[in-house]
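These numbers come from the heavy atoms of this one structure, side chains and all, not from hydrogens, waters or symmetry mates.
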Amino acid sequence: MKVLLYSEGMKYIGKSGLGRAIEHQKKALTLEGISFTTDYRDDFDLMHINTYFGQSYRLLHKVKKQGKPIVYHAHSTKEDFRNSFIFSNAAAPLFSKWILHCYSHGDVVLTPTPYSKKLLLQAGLQQPIIPISNGIDLSFYQATAEMGASFRQKYGYTATDKVIMSVGLYIKRKGILDFVALAKAMPAYQFIWFGYLNLHQVPREIREAVETKLPNLQFAGYVAPDELRNAYCGADLFFFPTYEETEGIVLLEALAMGQEVLIRDIPIYEDDFVDGKHVYKGKTNDDFRRLISGILEGDLPSLKAAGQDHIRQKDLSYIGSELRSAYETAIQLNKSDKSPISVPQTK
């Protein structure tokens with residue numbers, strides 16, 4: 001079996017969570033010993049497609065005419081498209097119709113979590129849907145004292161500064177407004193946000209938040225994975241105030257690095273991460289202020305070890321075998337002209 005791992009526009013999506021998910025697929029397939037190509041002009045037996053732009057759609061139909069199996073990876077939903085770019089809320093219904101139309105061409109649809117599978121089913125998608133985590137490369141996320149020291153030196157933090165970090169694009173859905181509000185309300189702590197988006201693409205309130213001048217607030221922009229790894233190692237708390245995700249790879253990365261983690265209590269994390277066991281959860285800024293203080297001042301117990309141990313089940317060495325199973329299901333469905341069969345429900 002040889003897979004066409006197709007993704008359009010990597011120049012634009014390469015620095016996003018989707019870009020990292022695609023890189024994870026490549027490594028997972030390599031670990032599993034599955035041959036793949038990213039060049040649609042090569043010979044291949046099955047197409048695994050990650051994007052839904054024009055070229056992707058045209059290629060999809062060409063592959064279908066050839067009778068080859070198609071696995072469509074549903075990284076996006078209407079819910080996580082909202083509160084992102086200018087006019088995204090108004091465009092969300094049309095966006096939802098488009099992506100569902102694209103996904104419906106897959107023999108099998110993959111999506112990162114059971115939560116995102118639920119959203120797709122509620123939206124009316126009728127294809128077999130298999131949830132498979134985007135995974136985490138545990139061989140890369142190994143902490144050393146030097147990493148933490150490098151982070152603090154680069155960004156001007158002392159050894160005694162208490163640093164709160166977050167990662168995400170400059171979009172409202174990621175909770176960036178709450179992050180800035182908490183930096184204003186908690187001047188004793190240092191706040192730093194990693195990630196970038198052209199400010200011409202975001203609403204005015206987001207531009208103003210990013211341009212906020214505070215002595216305890218930095219926007220570091222996009223950084224390479226090794227530098228972000230240093231930050232996970234050197235910060236005191238990973239704070240993820242996102243309102244909606246299909247998974248949230250940066251959360252997996254922070255846990256893998258043994259970081260203390262505080263997240264928003266939202267449905268996607270209801271079952272997978274237990275409040276007070278793997279992570280701490282809050283819903284409002286008042287909750288976050290109380291929890292941040294409790295974590296950083298040592299009034300709440302550390303969850304580092306439990307969170308790090310919990311994330312081991314998402315290592316890429318496991319993801320490769322789940323992808324193989326999904327591919328085999330797609331091949332079987334394609335050969336049987338989509339007659340009903342048992343579809344494995346991996347997590």
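- No donor-acceptor pair under 3.5 Å is formed between the side chain of Thr51 and the backbone N or O of Phe53.
- What you find for Leu296 and Leu237 is that their closest heavy atoms are CD2-CB, 4.0 Å.
- Comment: Asp43 does not engage Lys2 in a salt bridge, judged by the lack of any side-chain N to carboxylate O separation of less than 4.0 angstrom.
- Using a distance-only test at 3.5 Å, with no hydrogens or angles considered, no donor-acceptor pair links the side chain of His310 to the main chain of Val274.
- What you find for Leu110 and Ala326 is that their closest heavy atoms are CD2-CB, 3.6 Å.
- Remark: aromatic rings of His105 and Tyr72 are distant, center separation not under 6.0 Å.
- The side-chain heavy atoms of Ser7 and Leu18, taken from C-beta on, include no pair separated by under 4.5 Å.
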Please tabulate, for the side chains in residues 188-199, all donor-acceptor contacts under 3.5 angstrom to protein atoms that are two or more places apart in sequence or on a different chain.
from: Tyr189; atom 1: OH; to: Glu297; atom 2: OE2; distance (Å): 2.6
from: Trp193; atom 1: NE1; to: Gly168; atom 2: O; distance (Å): 2.8
from: Asn198; atom 1: OD1; to: His200; atom 2: N; distance (Å): 2.8

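- Counting heavy atoms from C-beta outward, Val210 and Ile176 have side chains that approach closer than 4.5 Å.
- The ring-ring contact (aromatic ring centres under 6.0 Å, His included) test with Trp98 is passed by exactly one of Tyr57, Tyr52, Tyr103: Tyr57.
- Of the possible donor and acceptor atoms, none in the side chain of Ser150 sits under 3.5 Å from a partner among the backbone N and O of Met147.
- Side-chain contact between Glu260 and Ser302: present, with at least one pair of heavy atoms (C-beta onward) separated by less than 4.5 Å.
- Scanning both residues, Asn134 and Ala21, for their nearest heavy atoms gives OD1-CB, 3.5 Å.
- Contact between Asn216 and Ala183 at its shortest, heavy atoms only, is ND2-O, 3.0 Å.
- With a 4.5 Å cut-off on side-chain heavy atoms, Pro114 and Pro131 count as touching.
- Side chains of Glu245 and Phe240 form a contact here, defined as non-hydrogen atoms less than 4.5 Å apart.
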Please table the atom pairs, donor to acceptor, closer than 3.5 Å between any side-chain atom in residues 223-234 and protein atoms at least two apart or in another chain.
from: Glu227; atom 1: OE1; to: Lys154; atom 2: NZ; distance (Å): 2.9
from: Glu227; atom 1: OE2; to: Lys154; atom 2: NZ; distance (Å): 2.7
from: Glu227; atom 1: OE2; to: Tyr155; atom 2: OH; distance (Å): 2.5
from: Arg229; atom 1: NH1; to: Phe140; atom 2: O; distance (Å): 2.8
from: Tyr232; atom 1: OH; to: Glu253; atom 2: OE1; distance (Å): 2.6

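- Under a 4.0 Å N-O distance rule, the pair Arg290/Asp299 does not qualify as a salt bridge.
- Between the Thr38 side chain and the Leu5 main chain, no donor and acceptor come within less than 3.5 Å of each other.
- With respect to the salt-bridge test (charged N to carboxylate O, under 4.0 angstrom), the residues Arg20 and Glu23 do not qualify.
- Inter-residue side-chain proximity for Tyr327 and Met1 is flagged as met; some heavy-atom pair is nearer than 4.5 Å.
- Side-chain contact of Ser321 with Glu32: a donor-acceptor pair under 3.5 Å is absent, judged by distance alone.
- When side chains are defined from C-beta on, Ile266 does not count as touching Glu244, because their heavy atoms never get closer than 4.5 Å.
- Side-chain atoms of Asp272 and Lys314, non-hydrogen and from C-beta on, do get closer than 4.5 Å to each other.
- Applying the salt bridge (charged side-chain N to carboxylate O under 4.0 Å, His left out) test to pairs two or more places apart or on separate chains, those with a residue in residues 178-203 are Asp178-Arg264.
- Using a 4.0 Å cut-off between charged nitrogen and carboxylate oxygen, Arg207 and Glu211 do not count as a salt-bridge pair.
- Seen from the ring of Phe44, Lys68 counts as a face-on cation partner, given the 6.0 Å and 45° thresholds.
- In this structure, Arg152 contributes its side chain and Thr158 its backbone to a donor-acceptor pair below 3.5 Å.
- In this structure, Asp287 contributes its side chain and Lys283 its backbone to a donor-acceptor pair below 3.5 Å.
- The two residues Ile164 and Ile292 have their closest heavy-atom pair at CD1-CG2, 3.6 Å.
- Looking at Gln55 and Tyr6, their side chains do bring a donor and an acceptor atom within 3.5 Å of each other.
- For the residue pair Ser116 and Thr111, the shortest heavy atom distance occurs at OG-OG1, 2.8 Å.
- Here the side chain of Lys64 pairs no donor or acceptor atom with the backbone of Leu59 at under 3.5 angstrom.
- No donor-acceptor distance shorter than 3.5 angstrom exists from the side chain of Asp161 to the backbone of Val163, with no hydrogens or angles considered.
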